[in-house]
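Here is the structure we will look at, set down as structure tokens.
Counting convention: from 1, in listed order, for ligands and their atoms alike.
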Amino acid sequence: MPPEDPLLAGYRRFRTSVWPGQAQRYAQLARRRQQPTTAVIACSDARVDPQTIFDAEPGELFVIRNVAGLVPEYAPDGGCHGTSAALEYAVKVLKVRRIVLLGHARCDGIHAMIHGPLRNAPDFLGPWVDIAEPVMWPMPEQGSGEAFEAAIEDAVLHLSLTNLRTFPWIRDAERAGHLSLSAWQFDIATGELQPAAPANPRQP
Ligand SMILES: [Zn+2]
């Protein structure tokens with residue numbers, strides 16, 4: 001007998017343990033379009049789930065995840081920009097009141113930006129991690145170790161915050177007081193959430 005599919009096993013636990021207590025909430029959510037007030041941009045890292053970290057209910061968070069949780073600059077050039085499209089949907093259609101950047105310590109994506117091998121996957125991943133080039137260059141030749149990587153992680157978070165403000169409808173909504181932007185770092189090892197360290201993007 002083949003081993004049970006872990007996803008289906010999880011679904012069965014969800015249906016028997018979680019669904020009964022949430023069925024009414026899901027029924028309410030199904031009667032209208034989603035109305036989250038917060039968008040979270042996070043890394044796709046399997047260990048850093050915003051829904052879990054913020055103990056959020058279904059329907060509460062509009063979550064955008066990608067490799068390293070990066071935000072590109074505003075570039076309406078006709079290309080397929082998944083993160084930018086999700087941001088446009090969150091701000092213009094859902095009219096979220098806050099955007100939270102959720103970085104995390106020990107990010108494999110950022111580790112790979114520094115040490116490889118992500119740059120060996122050039123079709124999409126190479127150009128994507130190049131978003132972080134402004135903080136990766138010039139990079140100290142002696143850069144290595146956890147402290148260095150943590151500094152890079154902070155710098156990348158600040159870069160994403162800066163890039164968020166290159167989107168005119170985000171910048172305008174923030175200036176009008178309709179939208180707040182914040183950046184936090186989550187440490188997988190300790191479970192602690194901290195505001196992003198002060199910006200110092202050129203000197204990691
Ligand atoms: Zn990551």
Side-chain angles (χ1 to χ4, degrees), residues 6-7 10 36 38-56 60-73 75 80-87 90 96 98-137 139-140 143-167 170 181-204:
L7 293 184
T38 299
V40 179
I41 302 167
C43 184
S44 296
D45 191 302
R47 304 163 297 176
V48 185
D49 176 24
Q51 191 92 2
T52 302
I53 292 168
F54 296 122
D55 191 25
E60 211 176 326
L61 301 179
F62 183 78
V63 179
I64 304 165
R65 298 180 76 168
N66 63 48
V67 172
L70 298 175
V71 175
E73 287 187 340
C80 295
H81 300 286
T83 295
S84 303
L87 280 168
V96 297
R98 64 189 305 199
I99 298 176
V100 174
L101 284 165
L102 179 63
H104 71 99
R106 298 166 178 80
C107 179
D108 285 346
I110 289 173
H111 180 89
M113 283 177 206
I114 299 168
H115 303 289
L118 291 194
R119 290 176 190 282
N120 297 332
D123 285 356
F124 301 102
L125 207 40
W128 179 253
V129 298
D130 276 350
I131 291 170
E133 197 65 24
V135 301
M136 303 299 290
W137 179 262
M139 188 171 64
S144 62
E146 277 191 23
F148 175 76
E149 288 199 23
I152 291 285
E153 286 162 359
D154 280 328
V156 168
L157 203 52
H158 282 285
L159 176 72
S160 287
L161 197 56
T162 298
N163 285 349
L164 272 179
R165 294 185 171 117
T166 66
F167 290 71
I170 291 177
L181 309 181
S182 50
W184 293 331
Q185 281 281 16
F186 177 74
D187 191 325
I188 299 167
T190 65
E192 291 178 347
L193 186 71
Q194 302 281 353
N200 191 13
R202 288 281 174 186
Q203 295 177 339

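- No option in Leu102, Val63, Leu164 other than Leu164 meets the side-chain contact (heavy atoms from CB on, under 4.5 Å) test with Ile41.
- Summarising the geometry of Leu61 relative to Pro36, their closest heavy-atom pair is C-CB, 4.0 Å, with the distance given to 0.1 Å.
- Take a cut-off of 2.8 Å around the Zn ion (ligand 1): the protein N, O or S atoms inside it are Cys43 SG, His104 NE2, Cys107 SG.
- Residues Trp128 and Thr83 are in side-chain contact: their nearest non-hydrogen atoms beyond the backbone lie under 4.5 Å apart.
- Contact check for Leu159 versus Pro134: side-chain heavy atoms found under the 4.5 Å cut-off.
- Using a 4.5 Å cut-off on side-chain heavy atoms (C-beta onward), Glu149 and Ile110 make no contact.
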If you apply the rule salt bridge (charged side-chain N to carboxylate O under 4.0 Å, His left out), what do you find for Asp45 with Arg65, and how did you get there? CA-CA 9 Å; Asp45 191 302; Arg65 298 180 76 168; over 6 Å; no

